2 protein chains.
Amino acid sequence: MPQSNKKSMTLTTAEENYLKAIYHLSEGGKKGVSTNDVAAEMKTKPASVSDMLRKLGEKEVIEYRKYYGVHITDEGKKLALQTIRKHRLWEVFLVEKLNFAWDEVHEVAEELEHIQSPLLIQRLDAYLNYPKFDPHGDPIPDEFGDVRARPRVALNEMEVDQTGQIVAVKDSSAAFLRHLDKMGAYIGARIKVLDKVEFDGSLEILVDQKKTLFMSKDVAGNILVQQS
Amino acid sequence: MPQSNKKSMTLTTAEENYLKAIYHLSEGGKKGVSTNDVAAEMKTKPASVSDMLRKLGEKEVIEYRKYYGVHITDEGKKLALQTIRKHRLWEVFLVEKLNFAWDEVHEVAEELEHIQSPLLIQRLDAYLNYPKFDPHGDPIPDEFGDVRARPRVALNEMEVDQTGQIVAVKDSSAAFLRHLDKMGAYIGARIKVLDKVEFDGSLEILVDQKKTLFMSKDVAGNILVQQS
DNA sequence: TTTCGAATTTAGTCTTATCTAAAAATAAAT
DNA sequence: ATTTATTTTTAGATAAGACTAAATTCGAAA
Ligand SMILES: [Mn+2]
Ligand SMILES: [Mn+2]
Ligand SMILES: [Mn+2]
Ligand SMILES: [Mn+2]
């Protein structure tokens with residue numbers, strides 16, 4: 001029998017991590033998420049994933065048809081967004097209050113997001129003054145799982161002379177973030193595309209109307225801009 | 001072979017909880033801690049405890065001789081105090097920053113204490129301004145596991161006319177703490193013993209030179225006072 | 001339509017942490 | 001010094017979450 005999710009569905013830490021991965025892999029694409037994709041994202045083996053998918057299916061947070069990938073259910077989406085909310089609120093706390101660098105917060109938040117206490121999150125949210133975005137520019141869902149997304153475009157997609165503001169990064173790895181720090185790029189920076197090099201697609205960018213810098217197409221592809 | 005604890009010994013969450021329990025049960029008494037005592041403290045069965053003791057013994061954080069109870073080792077004491085430090089720092093955070101009541105913090109801190117991040121604790125400590133005591137008056141060990149204990153006596157042991165200041169509680173259960181709130185007793189309150197009733201050992205206490213209140217011997221036994 | 005390679009699932013093993021029931025050891029009482 | 005009562009340990013089971021190796025299914029190519 002399927003789990004009667006009358007009231008509250010409780011997930012283990014492992015289940016929360018898998019569900020979050022599935023949610024993220026679902027974003028954009030309408031087609032199901034494959035076992036291999038989940039395994040890659042979670043750094044586990046496909047066999048382990050199959051097992052977990054069965055369990056998540058029984059709990060009705062995903063729709064699971066063997067061999068055909070999974071779709072997240074509404075209930076699952078709500079739970080995933082709750083975990084994401086907690087993750088991002090903790091990241092804000094670490095950066096704003098404990099002076100962590102933005103490349104130091106992810107691993108710790110990955111643990112903190114599993115602390116079970118609605119009161120804690122409610123109070124933390126208030127303490128942080130109800131932030132709308134995390135240190136990487138990602139939106140923080142509200143307690144009902146609603147996210148207000150900003151329209152944004154990858155920097156490498158912009159044309160010469162277009163302007164905007166860096167609002168987020170696609171890649172939150174420490175290596176990438178430290179590279180941005182070194183270059184002098186940061187969330188909130190006003191930018192203008194000065195040139196796009198034919199040869200390798202790299203870009204020349206004007207930052208805050210004073211500094212110009214070059215970045216590879218690859219780097220620019222992981223910077224998200226709100227155009228203006 | 002015993003775990004070569006050359007450098008850093010890492011414990012699981014369950015192991016940390018058991019070790020903390022053993023540490024607390026060790027305090028005061030010089031004789032070993034019994035399997036049954038640990039089982040009672042951990043709300044698990046003695047059979048489960050035996051298993052865990054064997055594991056903790058192999059990791060050399062306790063000295064384990066079958067049938068004769070356990071003694072915590074120096075290494076074990078250091079690790080237990082580290083977990084206790086984290087627990088109490090988080091409790092301070094919850095009360096001071098997130099406005100939790102002192103009877104609401106224990107369960108959450110019981111989870112937060114297992115987050116693995118030396119940087120996090122170091123920063124949290126600084127953010128809280130290096131507190132020396134938690135919301136229940138218990139001392140917070142420093143990063144080397146050193147505790148500076150205050151001399152203190154249970155309120156029911158005091159004589160009539162003696163004075164002092166409430167500095168801690170022995171029982172941190174929500175029920176007891178809420179009772180203290182209702183009575184108007186709190187950490188830091190200046191008190192004087194006005195009377196000790198022959199009949200049932202209950203006490204009449206003057207609080208902050210203005211309010212008098214009656215409390216049972218049982219309640220007084222869980223209030224710790226620094227005499228003056 | 002058959003075949004073949006990749007993706008996926010199943011089967012079986014391992015570790016951690018718990019339990020119940022049974023056996024063994026210790027401590028206490030005759 | 002035995003016998004008993006209590007405590008503790010062992011044996012065997014279960015559940016979660018991972019793995020490897022083997023079997024199965026799917027879909028694309030021939
Ligand atoms: Mn996580
Ligand atoms: Mn983030
Ligand atoms: Mn704990
Ligand atoms: Mn405390």
Side-chain angles (χ1 to χ4, degrees), chain A residues 1-3 9-22 25-26 29 31-72 76 79 83 110-111 113-114 116, chain B residues 1-3 9-22 25-26 29 31-72 76 79 83 110-111 113-114 116:
Chain A
M1 309 91 213
Q3 189 85 7
M9 169 89 314
T10 29
L11 301 178
T12 65
T13 290
E15 287 169 342
E16 284 184 347
N17 284 332
Y18 271 99
L19 189 59
K20 200 157 57 96
I22 292 166
L25 292 168
S26 299
K31 346 158 217 14
V33 175
S34 79
T35 298
N36 265 353
D37 288 350
V38 175
E41 180 82 7
M42 293 295 297
K43 297 172 201 295
T44 56
K45 301 293 169 180
S48 309
V49 174
S50 282
D51 232 53
M52 184 55 89
L53 295 184
R54 189 185 39 70
K55 282 190 280 188
L56 292 175
E58 278 164 16
K59 291 196 170 186
E60 296 183 355
V61 295
I62 61 173
E63 215 177 298
Y64 177 43
R65 276 181 54 225
K66 276 184 204 176
Y67 294 103
Y68 289 93
V70 299
H71 291 266
I72 197 162
L79 290 172
T83 305
E110 202 57 52
E111 291 188 51
E113 69 188 358
H114 304 291
Q116 303 286 6
Chain B
M1 310 91 213
Q3 190 85 8
M9 170 88 314
T10 29
L11 301 179
T12 65
T13 291
E15 288 170 341
E16 284 185 346
N17 285 331
Y18 271 99
L19 190 59
K20 202 158 55 96
I22 293 166
L25 292 169
S26 300
K31 347 159 219 11
V33 175
S34 79
T35 299
N36 266 351
D37 288 350
V38 176
E41 180 82 8
M42 293 296 297
K43 296 171 203 291
T44 56
K45 301 293 168 181
S48 309
V49 174
S50 281
D51 232 55
M52 184 55 89
L53 294 185
R54 189 185 39 70
K55 281 190 280 187
L56 292 176
E58 278 165 15
K59 292 195 169 187
E60 295 183 356
V61 294
I62 61 173
E63 214 177 297
Y64 176 44
R65 277 180 53 224
K66 277 185 202 173
Y67 294 102
Y68 289 92
V70 300
H71 290 266
I72 196 161
L79 289 172
T83 305
E110 202 56 53
E111 290 188 52
E113 69 188 357
H114 305 291
Q116 304 287 6

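Quick note on labels: first sequence line is chain A, next is B, and so on, each numbered from 1. Keep in mind that this is a model prediction, so the values were computed, not measured. Because only heavy atoms are used, hydrogens play no part in the values below, and waters and symmetry mates are left out as well, while side chains stay in.
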Table of protein N/O atoms under 3.5 Å from nucleotides 20-27 of chain D N/O atoms:
| residue | atom | partner | partner atom | Å |
| --- | --- | --- | --- | --- |
| D:dT25 | O4' | A:Tyr67 | OH | 3.4 |

Nearest-Å distance for atom pair [atom1]/[atom2], residues [X] and [N]:
X       : N      : atom1 : atom2 : result
A:Met42 : D:dG17 : CE    : C1'   : 11 Å
A:Glu58 : D:dG17 : CD    : P     : 12 Å
B:Lys55 : D:dT9  : NZ    : P     : 15 Å
A:Asn17 : D:dA16 : CG    : P     : 17 Å
A:Glu15 : D:dG17 : CD    : C1'   : 10 Å
B:Arg65 : D:dT9  : CZ    : P     : 11 Å

*Would A:Ser34 and A:Asp37 count as having a side-chain donor-acceptor pair, cut-off 3.5 Å?*
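Their side chains do contain a donor-acceptor pair, which is all the 3.5 Å distance test asks for.
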
Q. Say you draw a straight line from CD of B:Glu110 to CG of B:Asn17; how long is it, rounded to the nearest 0.5 Å?
A.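 These two atoms lie 5.0 Å from each other.
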
- Item | Rounded distance (nearest 0.5 Å) linking atom NZ of B:Lys59 with atom OG1 of B:Thr12 |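 Between B:Lys59 NZ and B:Thr12 OG1, I get 6.0 Å after rounding to 0.5 Å.
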
Checklist entry - So, the side chain of A:Glu111 versus the backbone of B:Gln116: is there a donor-acceptor pair under 3.5 Å, distance only? => result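 Confirmed, A:Glu111 side chain pairs with B:Gln116 backbone.
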
- request: Mark yes when over 12 heavy atoms from residues, nucleotides or ligands other than B:Glu63 sit less than 6.0 Å from its CD; otherwise mark no.
  value: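 Result for CD/B:Glu63: open.
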
Sugar-phosphate, base or nothing in reach of [X], heavy atoms under 4.0 Å:
X       : result
A:Asp51 : nothing
A:Ser50 : base
A:Thr44 : sugar-phosphate

- Message: Between A:Leu11 and A:Leu19, is the side chain to side chain contact (heavy atoms under 4.5 Å, CB included) condition met? List the steps.
- Response: CA-CA 9 Å; A:Leu11 301 178; A:Leu19 189 59; 3.6 Å; yes

- Message: Using side-chain heavy atoms (C-beta onward) and a distance below 4.5 Å, is B:Tyr18 in contact with B:Leu53?
- Response: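 The answer is no; the side chains never approach within 4.5 Å.
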
Problem set entry | Close side-chain approach of A:Ile22 and A:Val70, heavy atoms under 4.5 Å |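 In short, these two side chains touch, coming nearer than 4.5 Å.
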
Q) First and last nucleotide of DNA chain C in contact with chain B, 5' to 3', at under 4.0 Å to a heavy atom: what are they? A)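 Nucleotide range in contact with chain B: C:dT16 to C:dA27.
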
So, does B:Asn36 get its side chain near the phosphate of D:dT6, meaning an N or O under 4.0 Å from OP1 or OP2?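 For D:dT6, OP1/OP2 do not have a side-chain N/O of B:Asn36 under 4.0 Å.
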
Original post:
If you look at every heavy atom in B:Ser26 and B:Val33, which pair is closest and at what distance?
Top reply: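 The answer is OG-CG2, 3.5 Å.
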
